[in-house]
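Inspection log for the structure reproduced underneath, given as structure tokens.
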Amino acid sequence: MSLRAVIAGVGSALPARRVDNAELAKQLDTTDEWIVERTGIRTRYIAGDDETTGTLATEAARRALDHAGIAASEIDLIVLATATPDQTFPATATKVQTALGIDDCVAFDVAAVCSGFLYALTVADSMIRSGGAKAALVIGAETFSRILDWEDRTTCVLFGDGAGAVVLAAEEGGTAGILATKLHADGRHNQLLYVDGGPSTTGTVGKLRMKGREVFRHAVLNLASVMGEVLDLAGLETADVDWVVPHQANARILDATAKKLGLSPDKVVLTVDRHANTSAASVPLALDVAVKDGRVKRGDIVVLEAMGGGFTWGAAVLRY
Ligand code: COA
């Protein structure tokens, strides 16, 4: 019998303030029409002064624990993916741990930007399958609004804040759980998507910079290819997939990727219209939406995928 990491529960959290395209157009040279046509984005949520990556992550984690019916005290591992931690250190995962009242567990952050959740899930899955953890919280949480240049219309309209979480539980035997994961990184593309600051270089937090058109081209190629790889690893084909829950960067990337794979757009969960790009939070946020509205059901084959700064990219296939 082999150990598998099963998704026992999902949860998410959004800031209280929702900002639509029209509101952005009041202070920027942009329009609702341009943003919707080029990206599919209509609204995003922006954190207020009392909301941080840590508070959003904690709320998402609480909801995932409730959904799983698992007590916080049973959690022995927290992996939190973020590029916008509350502090440079300690890890935001330890803030979540304390807020949940967990006295002792393994807790650390993972930095892989928009692919962060896939990286975090892969690490947690490995630890569970090797017997190093029994119940894990895997969280993606971001406050990208704090690293945006609000005068740069080519980037600031694209991102939003939020958090999503899953509870992974070790199960012996059975058919549910994470079936395969595959990760990649290629650091040669640093200058296409990066933040122009950091503790060890400028001593500042910095602002996000992106060459959108080039990122778009790489995203479609890399995502279609890594989804093919992960399905091969699991011994599955595109026709076996019930749902794809992709990183939500741009509706056109989702359409182009689905087309390249020969996948019906009806099988792709889309939340970028309401959340915009929430980086590491986007996959677990979208998964939470699709589970709670009844689309993703127990037994379904689900593919998760993401691509982000680095570049980093990855995919996971699971039976929910
Ligand atoms: N409002 C109005 N016009 C805008 C604008 C905005 N918010 N942002 C850019 N423009 C303008 C540009 O200045 C440019 O004008 P020009 O032709 O006069 O120079 C024009 O729109 C086209 O810009 P371009 O960047 O070529 O548009 P695009 O079709 O490539 O769309 C993105 C831009 C960013 C939406 C698209 O490239 C994209 O989504 N890329 C991927 C980004 C991404 O997903 N990153 C995250 C990965 S994790």
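Both counts, for ligands and for their atoms, begin at 1 and track the order of listing. Every heavy atom of this structure was used, including side-chain atoms; hydrogens, water molecules and symmetry mates were not. Just so you know, these numbers come straight off a predicted model, no measurement behind them.
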Near M210, which atoms of ligand 1 are under 4.0 Å from a heavy atom of that residue? 42 (C), 43 (C), 45 (N), 46 (C)
What are the atoms of ligand 1, with element, lying closer than 4.0 Å to any heavy atom of I253? 44 (O)
If the threshold is 4.0 Å, N to carboxylate O, is there a salt bridge linking D196 and R209? yes
Between D125 and R129, is there a side-chain N and carboxylate O pair less than 4.0 Å apart? yes
List ligand 1 atoms under 4.0 Å from R38, heavy atoms only on the residue side. 22 (C), 27 (O), 28 (P), 29 (O)
Top protein contact for atom 39 (O) of ligand 1, by heavy-atom distance: N250 ND2, 2.6 Å
Using a 4.0 Å cut-off to any heavy atom of T39, which atoms of ligand 1 qualify? 35 (C)
When F159 is tested against each of I46, L148, T278, I147 for side-chain contact (heavy atoms from CB on, under 4.5 Å), which residue passes? L148
Only heavy atoms of C114, strictly under 4.0 Å: list the atoms of ligand 1 that pass. 48 (S)
If you compare N21, V157, L158, D152 by their heavy atoms, the one closest to atom 34 (C) of ligand 1 turns out to be L158
For ligand 1, which atoms sit closer than 4.0 Å to a heavy atom of V215? 45 (N), 47 (C)
List the steps and the verdict of side-chain hydrogen bond (donor to acceptor under 3.5 Å, both in side chains) for T143 and S145. CA-CA 5 Å; T143 43; S145 63; 5.8 Å; no
Counting non-hydrogen protein atoms only, what is the nearest one to atom 12 (C) of ligand 1? Give residue, atom name and distance. R153 NH2, 3.9 Å
Non-neighbouring partners of R298 that pass salt bridge (charged side-chain N to carboxylate O under 4.0 Å, His left out), sequence neighbours left out: none
Main-chain N/O of L183 paired to W313 side chain as donor or acceptor, under 3.5 Å: no
Sub-4.0 Å atoms of ligand 1 with respect to non-hydrogen atoms of F216: 38 (C), 39 (O), 40 (N), 41 (C)
Does ligand 1 have a heavy atom under 4.0 Å from the side chain of N277, from its backbone, from both, or from neither? side chain
Indicate the ring-plane relationship of H189 and H218, choosing parallel, tilted or perpendicular according to the 30° and 60° boundaries. tilted
Nearest heavy atom to atom 40 (N) of ligand 1: which of G40, S115, G212 does it belong to? G212
